[in-house]
Amino acid sequence: MNADLTSEFARYLQTKSFLGEDTDDRDEAASGRKTKMTLRQLWDASDLPAHQFADEIAAFCCLPRITLPQLIAAKALTGRFSRRFLREMTIFPHEGANGQFRLAVGDPADMATRKAAELVLGGPVEIEIASFEDIATALGERLGPDHDKKSAEAEETTAGAAEDVESLRDLASGAPVVRAFNDLLEQAVELRASDIHIEPSRNGLSVRMRVDGLLRAAPAPRHAPPSALVSRIKILAGLNIAERRLPQDGAARLRVANTDIDIRVATMPVQHGESAVIRLLPRDRGLLDIGKLGFGRVDEKKLRKLLDLPHGMIILTGPTGSGKTTTLATMLSALNTPTRKILTIEDPIEYEISGTNQSQVKASIGLTFATAMRAFVRQDPDVIMVGEIRDAETANIAIHAALTGHLVLTTLHTETSTAAVPRLLDLGVEGFLLKSTLRAVIGQRLVRILCDRCKSERRLTCDDLAAEPQFEACGLGAGDVVWEPKGCERCGGFGYRGRIGVFEILEMTGEMRELVGPTTDSNALDAAARRAGMTTMMEDAIAKCRAGSTSTAEALRVTTVR
């Protein structure tokens with residue numbers, strides 16, 4: 001070892017207090033500077049090979065020297081240490097011939113590592129000098145090729161993530177976060193919201209609530225970090241708070257403002273964290289009477305006649321959130337008598353109907369709509385309700401159930417009632433089966449109801465018709481009276497409070513059945529149905545506008561002119 005390197009090494013050992021000499025700041029100042037180099041950096045700065053540098057260190061410190069063959073042959077004690085610790089500290093613990101603990105090190109001045117090894121091994125250790133390269137090679141032999149630097153980093157990441165999850169769990173259970181979430185739920189119940197949307201952004205958190213079908217901004221909690229608030233929701237819904245990369249679904253039952261509610265939670269990873277949507281389902285909401293759903297006098301009479309049929313299929317159509325589930329549940333409550341056995345398969349169960357047998361879809365264990373339908377036909381039912389026809393298998397099983405003497409109620413996602421027929425044919429249902437089983441298709445939407453306290457009357461003028469050509473297409477003319485929202489304390493300034501359905505009922509009469517076939521056209525079905533007296537959703541909505549139930553803006557928002 002040359003003189004400069006020997007001097008630098010001696011200064012390094014004094015800094016580490018390895019030589020047992022008292023070195024204060026004055027001595028260091030006198031020597032010109034503190035050494036800031038590690039022993040590995042000293043080796044890198046030298047021209048000596050690794051084994052020769054280790055020889056010089058062993059001779060300088062009067063410590064035994066161990067070579068690579070001896071390290072490989074030694075009885076290793078690496079299993080008691082973490083791989084990350086061994087690789088970062090560059091040490092190789094092993095057992096000597098007499099059973100004593102030995103520690104091969106590249107840096108004999110690292111007293112903290114020596115003390116840590118003694119704590120792990122439970123006794124004093126004897127220090128031996130080995131080159132940094134030999135220790136790395138021996139560790140590679142003992143730890144295996146799969147435990148490289150990436151593995152060490154993975155262990156560090158996993159440990160850090162575990163600590164982060166526990167910290168997040170504690171934060172989510174703290175009083176500020178719990179209070180913030182409870183306040184959100186109470187506000188949602190007060191506003192009659194159906195959903196709460198919690199969305200993280202770069203600058204914080206945004207909260208929106210769906211009231212009467214439209215989203216409204218709500219004040220975001222100030223003292224609840226977004227990650228902690230979402231974690232609180234996930235804990236209540238029984239979800240894994242450590243999983244933030246995949247969507248999750250869960251449910252819970254809570255009591256808010258003296259009201260029992262069921263919540264459905266859906267989380268989704270987004271750019272700045274996780275968003276959560278909470279569906280609120282009050283448990284004490286009563287089933288509606290058919291007369292309160294919003295059917296016109298003629299359509300209500302048609303529906304009651306359809307529910308008296310002993311078998312066949314009745315389909316409800318419309319987009320998500322158009323009230324199909326509520327209408328189905330109301331129809332089931334009308335059919336629910338002691339003389340009928342009713343089976344349902346739903347996803348999820350939103351209305352609990354006493355006297356019926358309701359099942360929840362569980363795709364994770366294979367309980368799908370199609371699986372449940374196959375089992376239902378062996379349960380001797382009178383009425384079967386399928387929450388939704390999503391695939392060809394479910395469609396064909398439902399058709400055959402209707403064919404074998406059951407009344408089948410279900411839903412389908414189509415824009416109009418007449419579009420349901422070609423959709424079922426597209427799913428593989430045979431046309432002749434559809435002709436003999438399909439009894440009716442009910443299309444529906446939901447419009448907001450004008451607030452009774454503040455709605456205002458307005459008579460349409462020629463200028464109104466010129467500004468909005470759709471008025472004339474809807475059948476409105478100059479001089480017709482319509483109603484508009486105004487806003488008051490009761491409706492929160494929005495002018496609307498509650499919702500009502502607008503409907504169209506396509507009855508499969510003789511003319512309509514003749515049109516069912518491989519080349520069925522929904523437009524031809526629609527024209528035939530209107531000739532037979534079907535009231536379209538637009539016509540039903542305009543009738544409600546004339547009656548003062550809703551506004552023309554609402555009618556045009558949810559329906560289209562055909």
Side-chain angles (χ1 to χ4, degrees), residues 233-253 262-269 274 276-279 281 283 311 313-317 319-321 324-325 328-329 331-332 336 340-414 420 423-430 433-434 437-438:
I233 297 167
K234 292 167 76 173
I235 289 171
L236 289 174
L239 303 181
N240 181 9
I241 67 170
E243 181 54 76
R244 306 169 199 169
R245 303 165 298 172
L246 295 173
Q248 296 186 71
D249 296 319
R253 181 166 293 176
D262 290 331
I263 65 170
R264 313 286 181 189
V265 175
T267 64
M268 171 67 69
E274 280 184 291
V277 177
I278 306 168
R279 170 66 57 87
L281 305 170
R283 299 192 64 225
H311 52 78
M313 177 183 283
I314 302 173
I315 301 175
L316 273 75
T317 67
T320 300
K324 299 187 300 296
T325 301
L328 270 181
M331 292 164 65
L332 284 178
N336 188 18
R340 289 192 181 99
K341 179 165 184 176
I342 300 175
L343 300 177
T344 77
I345 177 68
E346 306 169 63
D347 185 23
I349 299 173
E350 295 191 12
Y351 286 90
E352 292 186 9
I353 307 173
S354 178
T356 64
N357 298 273
Q358 297 175 269
S359 302
Q360 164 81 46
V361 167
K362 295 179 183 176
S364 60
I365 60 172
L367 181 57
T368 62
F369 285 117
T371 306
M373 284 293 293
R374 285 196 211 93
F376 280 1
V377 295
R378 297 190 293 271
Q379 294 289 314
D380 188 30
D382 297 294
V383 180
I384 295 173
M385 193 271 271
V386 187
E388 181 185 346
I389 290 181
R390 296 178 178 174
D391 50 49
E393 186 180 13
T394 306
N396 279 286
I397 296 173
I399 286 289
H400 282 85
L403 193 65
T404 54
H406 306 94
L407 182 61
V408 178
L409 309 179
T410 187
T411 70
L412 195 64
H413 283 113
T414 60
R423 174 60 179 152
L424 288 171
L425 293 170
D426 185 56
L427 285 173
V429 176
E430 295 289 348
L433 292 177
L434 201 56
T437 56
L438 185 59

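Not measured: the values here are computed from a predicted model.
- To the nearest 0.5 Å, atoms CG (L236) and CD1 (I278) are separated by 8.5 Å.
- Of the inter-residue distances, the one linking I342 atom CD1 with D382 atom CG reads 8.0 Å to the nearest 0.5 angstrom.
- For the atom pair OG1 (T410) and CZ (F369), the distance works out to 7.5 Å, reported to the nearest 0.5 Å.
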Worked check of side-chain contact (heavy atoms from CB on, under 4.5 Å) between V408 and I314: CA-CA 6 Å; V408 178; I314 302 173; over 6 Å; no
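- Residues that satisfy the side chain to side chain donor-acceptor pair (under 3.5 Å) test with E430, not counting sequence neighbours, are absent from this structure.
- Every residue two or more places apart in sequence or in another chain that forms a side chain to side chain contact (heavy atoms under 4.5 Å, CB included) with S359 is listed here: I345, F376.
- No side-chain heavy atom of M385 sits less than 4.5 Å from a side-chain heavy atom of V383.
- Across all non-hydrogen atoms, the minimal contact from V265 to I263 is CG2-CD1, 4.0 Å.
- The side chain to side chain contact (heavy atoms under 4.5 Å, CB included) check on N357 picks up K341, L343, with sequence neighbours excluded.
- Applying the side-chain hydrogen bond (donor to acceptor under 3.5 Å, both in side chains) test between E274 and each of R244, Q248, K234 identifies K234 as the sole match.
- Contacts of T267 classified as side chain to side chain donor-acceptor pair (under 3.5 Å), with partners at least two apart in sequence or in another chain: none.
- Taking D347 as the reference, R390 meet the salt bridge (Lys or Arg N to Asp or Glu O under 4.0 Å) condition, with sequence neighbours excluded.
- Under the salt bridge (Lys or Arg N to Asp or Glu O under 4.0 Å) criterion, R340 pairs with no residue at all, not counting sequence neighbours.
- Not a single salt bridge (Lys or Arg N to Asp or Glu O under 4.0 Å) links D391 to another residue, sequence neighbours left out.
- With sequence neighbours left out, T371 forms a side chain to side chain donor-acceptor pair (under 3.5 Å) with T368.
- Annotation: the span from T317 atom OG1 to I389 atom CD1 amounts to 11.5 Å, rounded to 0.5 Å.
- Taking R378 as the reference, nothing meets the salt bridge (Lys or Arg N to Asp or Glu O under 4.0 Å) condition, with sequence neighbours excluded.
- Note: I315 CD1 to R423 CZ = 11.5 Å, rounded to the nearest 0.5 Å.
- Checked against side chain to side chain contact (heavy atoms under 4.5 Å, CB included), P348 has the following partners two or more places apart in sequence or in another chain: R264, E350, Q360.
- Heavy atoms only, all atoms of each residue included: D249 and A266 are closest at OD1-CB, 3.4 Å.
- Here the closest heavy-atom approach between residue A252 and residue A237 is recorded as CB-CA, 4.3 Å.
- In this structure, the separation between CD1 on I384 and NE2 on H311 is 13.5 Å, given to the nearest 0.5 Å.
- Counting only heavy atoms from C-beta outward, the side chains of L409 and V386 never approach each other to under 4.5 Å.
- Heavy-atom minimum distance, P247 versus P269: N-CD, 3.8 Å.
- Between Q358 and E346, the shortest heavy-atom distance links the atoms NE2-OE2, 2.9 Å.
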Please list, one pair per line, the donor and acceptor atoms closer than 3.5 Å that link side chains of residues 397-405 to other protein atoms, with sequence neighbours excluded.
{"residue": "H400", "atom": "ND1", "partner": "N396", "partner atom": "O", "Å": "2.8"}
{"residue": "T404", "atom": "OG1", "partner": "H400", "partner atom": "O", "Å": "3.0"}
{"residue": "T404", "atom": "OG1", "partner": "A401", "partner atom": "O", "Å": "3.1"}
{"residue": "T404", "atom": "OG1", "partner": "H406", "partner atom": "ND1", "Å": "3.3"}

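- Listed by chain and number, the residues in a side chain to side chain contact (heavy atoms under 4.5 Å, CB included) with T411 are L316, K324, L328, E388 (sequence neighbours excluded).
- Between L424 and L412 there is a side-chain heavy-atom pair separated by less than 4.5 Å.
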